Number of protein chains: 2
Amino acid sequence: MTSSDAPRKVRADARQNLDTLLVAARTVFARSGVDAPARDIAAEAGVGVGTLYRHFPNRAELVAAVFTTEIDATAAAATSLLEEHPPGEALDLWITRFTRFVATKQGLSAALRSGDPAFDALPAHFTAKLGPAITSLLDAAAAAGEVRPGVDPLELLQAVGDLSHRAPSPDGSPNPMVRLLLDGLHVR
Amino acid sequence: MTSSDAPRKVRADARQNLDTLLVAARTVFARSGVDAPARDIAAEAGVGVGTLYRHFPNRAELVAAVFTTEIDATAAAATSLLEEHPPGEALDLWITRFTRFVATKQGLSAALRSGDPAFDALPAHFTAKLGPAITSLLDAAAAAGEVRPGVDPLELLQAVGDLSHRAPSPDGSPNPMVRLLLDGLHVR
DNA sequence: GAGATTGCGGAACGATGTTCCGTATCCGAT
DNA sequence: ATCGGATACGGAACATCGTTCCGCAATCTC
């Protein structure tokens, strides 16, 4: 008796505002970091702060939501890259994309270690989504003989993440240490 | 011509207040974490916030100052422990002390990664002071045959630090993982 | 189209870092 | 011992946050 009696549809403008907020948050986070004021995000979306807090119980949950959608998008990119490029190249392109994700999330690791319960589910989501993605890429590249075998996918991902922490890198390219790592990964 | 003409002495109450503030900050940080409000620290010291900001340009600098003094104290403890205990025991006691230092500084790593310039000098101070301390302890214990040789001092310190991050541990004892590490270190 | 409900905007609140300035305190010379 | 000026203090005031609240507007159901 709690959920099956379909009380009413979600209002169209509400649904629209939620999407707008997520997009705006992503934009603002990229511009000013995850510590950007809630007001800025609301303004970017063209709504009031009240609307923001109607859709998310607090700022941290909004941050978590944005990260989740970006993780999903990054994971999804793996399959399409594999279809359009040779395995080794696909791996490089995907890692570059992942690097960009980490780099633009200045404050992600700090947020994760903050102890805020809103972020509790993020690490699990992280490995659950990104783990299969990197694994498929790495397996394909290894099978094609373009990459040394025996590399643990999640370990590689973690390492790239750690290396990408510090590195503004104005253009989208991964930082030198990541490049080094990738060069070491490839067979020549 | 910049410093040698001794214009006047530092006022005694000012000097006293600075010490009081450092002690108060240490107390409050231990009780409420490094994110404790500046007002709380001033109150604990029995001074106004204005006084706090006269002695430190901002909150971050106060945090850095406290860490610095605690790092110094921890480093200094190494020599006295070595004089009063057998080398292996001294090592354990010191690591326990270090563990307590890290554990009570909930938020230290987050602060370091925050990018605040006030914390730039801390890592260097960290290794400069703590490096020799752990080295002397480890060397003494190894020379006495109480500990396996060939362990890199700073690496050990870093590992203990990483393991101590998460672990409130109400009593002062180090967390189980640190214990495990130490047990592995000792020769039986 | 009317009524009910859902959702919106933004003022308001409480907490926090930081600044400011009138006032109290201390130091050195007399 | 005292006096004058430099020095430091206290805490109100300001700016900026996250979050809440509520009168009003947009939307949906019938």
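From a predicted model like this one, the values you see are computed outputs, not experimental measurements. Just so we're on the same page: letters track the sequence lines, and every chain starts at 1.
- Residue A:His55 has no polar side-chain atom (N or O) positioned under 4.0 Å from OP1 or OP2 of C:dG7.
- Of the listed nucleotides (C:dC27, C:dC8, C:dT18), C:dC27 has the atom at the smallest distance from the side chain of B:Arg11.
- Each of A:Ala36 and A:Arg54 has a nearest nucleotide on DNA chain D; the 5'-most of these lies closest to A:Ala36.
- Rounded to a whole Å, the CZ atom of B:Arg15 is 17 Å from the P atom of C:dC26.
- In this structure, the side chain of A:Arg59 does not engage the main chain of A:Pro37 through any donor-acceptor pair within 3.5 Å.
- Between A:Glu61 atom CD and D:dG18 atom C1' the separation is 14 Å, expressed in whole Å.
- Closest contact between the side chain of B:Tyr53 and the listed nucleotides C:dT18, C:dC8, D:dT19 involves C:dT18.
- Rounded to an integer number of Å, the gap from CG of B:Asn58 to P of C:dT19 is 8 Å.
- Within the 4.0 Å cut-off from OP1 or OP2 of C:dG9, at least one side-chain nitrogen or oxygen of A:Thr51 is found.
- Of the candidates D:dT27, C:dG28, C:dA11, the closest approach to any side-chain atom of B:Lys9 belongs to C:dG28.
- The side chain of B:Ala12 lies closest to C:dC27, out of C:dC27, C:dG9, D:dC9.
- For the pair B:Arg39 CZ and D:dA13 P, the computed distance is 13 Å after rounding to whole Å.
- The aromatic rings of B:Trp94 and B:Phe98 lie parallel to each other, with less than 30° between the two planes, well short of the 60° mark.
- For the pair A:Asp35 CG and C:dT16 C1', the interatomic distance rounds to 15 Å; values are reported in whole Å.
- Other residues, nucleotides and ligands place no more than 12 heavy atoms under 6.0 Å from the CZ atom of A:Arg15.
- The number of heavy atoms from other shown groups lying within 6.0 Å of CZ (A:Arg148) does not exceed 12.
- Distance from the side chain of A:Ala14 is smallest to C:dG7 among D:dC9, C:dT18, C:dG7.
- Side chain of B:Val49, nearest nucleotide from C:dC13, C:dT19, C:dG17: C:dT19.
- Among C:dG17, D:dA12, C:dG10, the nucleotide with an atom closest to any side-chain atom of B:Pro37 is C:dG17.
- Taking 4.0 angstrom as the limit, A:Asn17 places a side-chain polar atom (N or O) nearer than this to OP1 or OP2 of C:dC8.
- Between the side chain of A:Ser32 and the main chain of A:Phe29, no donor-acceptor pair closer than 3.5 Å is present.
- OP1 or OP2 of C:dG17 has at least one side-chain nitrogen or oxygen of B:Arg59 nearer than 4.0 Å.
- Atoms CG (B:Leu52) and P (C:dT16) sit 14 Å apart, rounded to a whole Å.
- Summarising the geometry, the separation between CG on B:Asp13 and P on C:dC26 is reported as 5 Å, rounded to the nearest angstrom.
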